[in-house]
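Structure first, commentary second.
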Amino acid sequence: QVQLVESGGGWVQAGDSLRLSCAASGRDLYRYTLGWFRQAPGKERKFVASISWRDSRAYYTDSVKGRFAISRDNSKNTVSLEMNSLKLEDTAVYYCGAATARIATAEATYDFWGQGTQVTVSS
C-alpha cells in the first residue's frame, strides 16, 4: 500500500507560478513511478507528468512541456510539480498517483491515488 497526500494548490492569476507537492508513504517506494494527473470540471482525468524513482526520467504531456517541471526528493519521499506561466486551461484538480510501471502515462497503470488539490487560474 502507498499513501499519497497532495498539497500546494490554490488560486493564482494567469502567468503566475505554483508548486505542488506530493508526500508518499508506504513500503518499497523505490518500486514506484509517481505522476501527476489533472481533472478539469466536466472532463476526464488526464496525464500531466511522471517521474520514476529508479532513474528520475521524467515525462510530460505536450501542453505543459517547457512550463512544468516534476522532481523528486528521495530523502523526504516527496514529488513536486513546479508550474510556471500558468494558463486558464491549467485550472483543474491535480492528483498524485503511484504506478509500478517505469513509464506510466496512462491512468489505468496507476494503483494508488491521493485526494487531489485544486488549482484555479484566473485572468
Side-chain angles (χ1 to χ4, degrees):
Q1 284 280 31
V2 175
Q3 293 78 41
L4 303 167
V5 179
E6 303 97 334
S7 62
W11 178 88
V12 296
Q13 291 188 313
D16 285 352
S17 299
L18 201 61
R19 184 180 181 90
L20 305 182
S21 292
C22 174
S25 60
R27 295 183 60 181
D28 300 331
L29 291 176
Y30 69 91
R31 296 177 56 208
Y32 291 93
T33 290
L34 293 187
W36 288 96
F37 282 67
R38 63 187 179 187
Q39 186 169 21
K43 296 187 177 181
E44 61 185 16
R45 188 156 56 182
K46 294 184 178 180
F47 172 77
V48 176
S50 66
I51 188 167
S52 169
W53 285 109
R54 282 170 281 184
D55 57 17
S56 295
R57 185 162 183 176
Y59 296 86
Y60 300 91
T61 191
D62 287 346
S63 63
V64 307
K65 286 180 180 177
R67 299 190 298 125
F68 290 13
I70 190 170
S71 62
R72 63 178 174 85
D73 185 334
N74 286 350
S75 66
K76 297 180 180 179
N77 290 341
T78 59
V79 174
S80 298
L81 185 68
E82 183 73 31
M83 305 186 294
N84 300 309
S85 302
L86 283 162
K87 303 177 180 180
L88 298 180
E89 52 264 41
D90 294 320
T91 295
V93 177
Y94 283 71
Y95 296 91
C96 179
T100 54
R102 185 175 70 83
I103 301 174
T105 60
E107 185 177 6
T109 61
Y110 284 76
D111 303 299
F112 304 101
W113 294 97
Q115 294 299 308
T117 184
Q118 176 71 47
V119 172
T120 303
V121 184
S122 65
S123 58

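We count residues from 1, following the sequence as given. These numbers were taken from a predicted model, which means no experiment stands behind them.
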Query raised in the report: Taking the side chain from Glu6 and the backbone from Thr117, do they hold a donor-acceptor pair closer than 3.5 Å?
Result: no
**Report entry** Side-chain donor or acceptor of Arg67 paired with backbone N/O of Ser63 under 3.5 Å
**Finding:** yes
Query raised in the report: Does the side chain to side chain contact (heavy atoms under 4.5 Å, CB included) test come out yes or no for Leu86 and Phe68, once each step is laid out?
Result: CA-CA 9 Å; Leu86 283 162; Phe68 290 13; 3.9 Å; yes
Report summary line: On a heavy-atom basis, the closest approach of Trp36 and Leu20 is CH2-CB, 3.7 Å
Requested in this report: First locate atom CZ of Arg102, then atom OG of Ser50, and finally report the distance between them rounded to the nearest 0.5 Å.
Outcome: 10.0 Å
Query - Partner set under side-chain hydrogen bond (donor to acceptor under 3.5 Å, both in side chains) for Ser25, not counting sequence neighbours - result: Gln3
Query raised in the report: Is there a donor-acceptor contact under 3.5 Å from the side chain of Ser80 to the main chain of Ser71?
Result: no
Query raised in the report: Atom CD in Glu82, atom OG in Ser17: separation rounded to 0.5 Å?
Result: 6.0 Å
Query raised in the report: Would you say Val64 and Arg38 make side-chain contact, with heavy atoms under 4.5 Å?
Result: yes
Query raised in the report: If you look at every heavy atom in Thr109 and Ala99, which pair is closest and at what distance?
Result: O-CB, 3.2 Å
Report task. Report yes or no: does Asp73 contribute a side-chain atom to a donor-acceptor pair with the main-chain N or O of Lys76 at less than 3.5 Å? Result -> yes
Query raised in the report: Under 4.5 Å between any side-chain heavy atoms of Phe112 and Thr100, yes or no?
Result: no
Query raised in the report: Thr120 side chain to Thr91 main-chain N or O, any donor-acceptor pair under 3.5 Å?
Result: no
Report task. Mark yes or no for whether Arg19, through its side chain, and Gly8, through its backbone, hold a donor-acceptor pair below 3.5 Å. Result -> no
Query raised in the report: Ile70 and Leu34: which non-hydrogen atoms are nearest, and at how many Å?
Result: CD1-O, 4.0 Å
Query raised in the report: Between Lys87 and Asp90, is there a side-chain N and carboxylate O pair less than 4.0 Å apart?
Result: no
Query - Side-chain hydrophobic cluster, 4.5 Å single linkage: members besides Ile103 - result: Phe37, Phe47, Tyr59, Val93, Tyr95, Tyr110, Trp113
Report task. Heavy atoms only: give me the nearest Cys96-Leu4 pair and the separation to one decimal. Result -> O-CD1, 3.5 Å
Query - Exam field: side chain Ser52 to backbone Thr33, donor-acceptor pair closer than 3.5 Å - result: no
Query raised in the report: Counting heavy atoms not belonging to Gln115, are there more than 12 under 6.0 Å from its CD?
Result: no
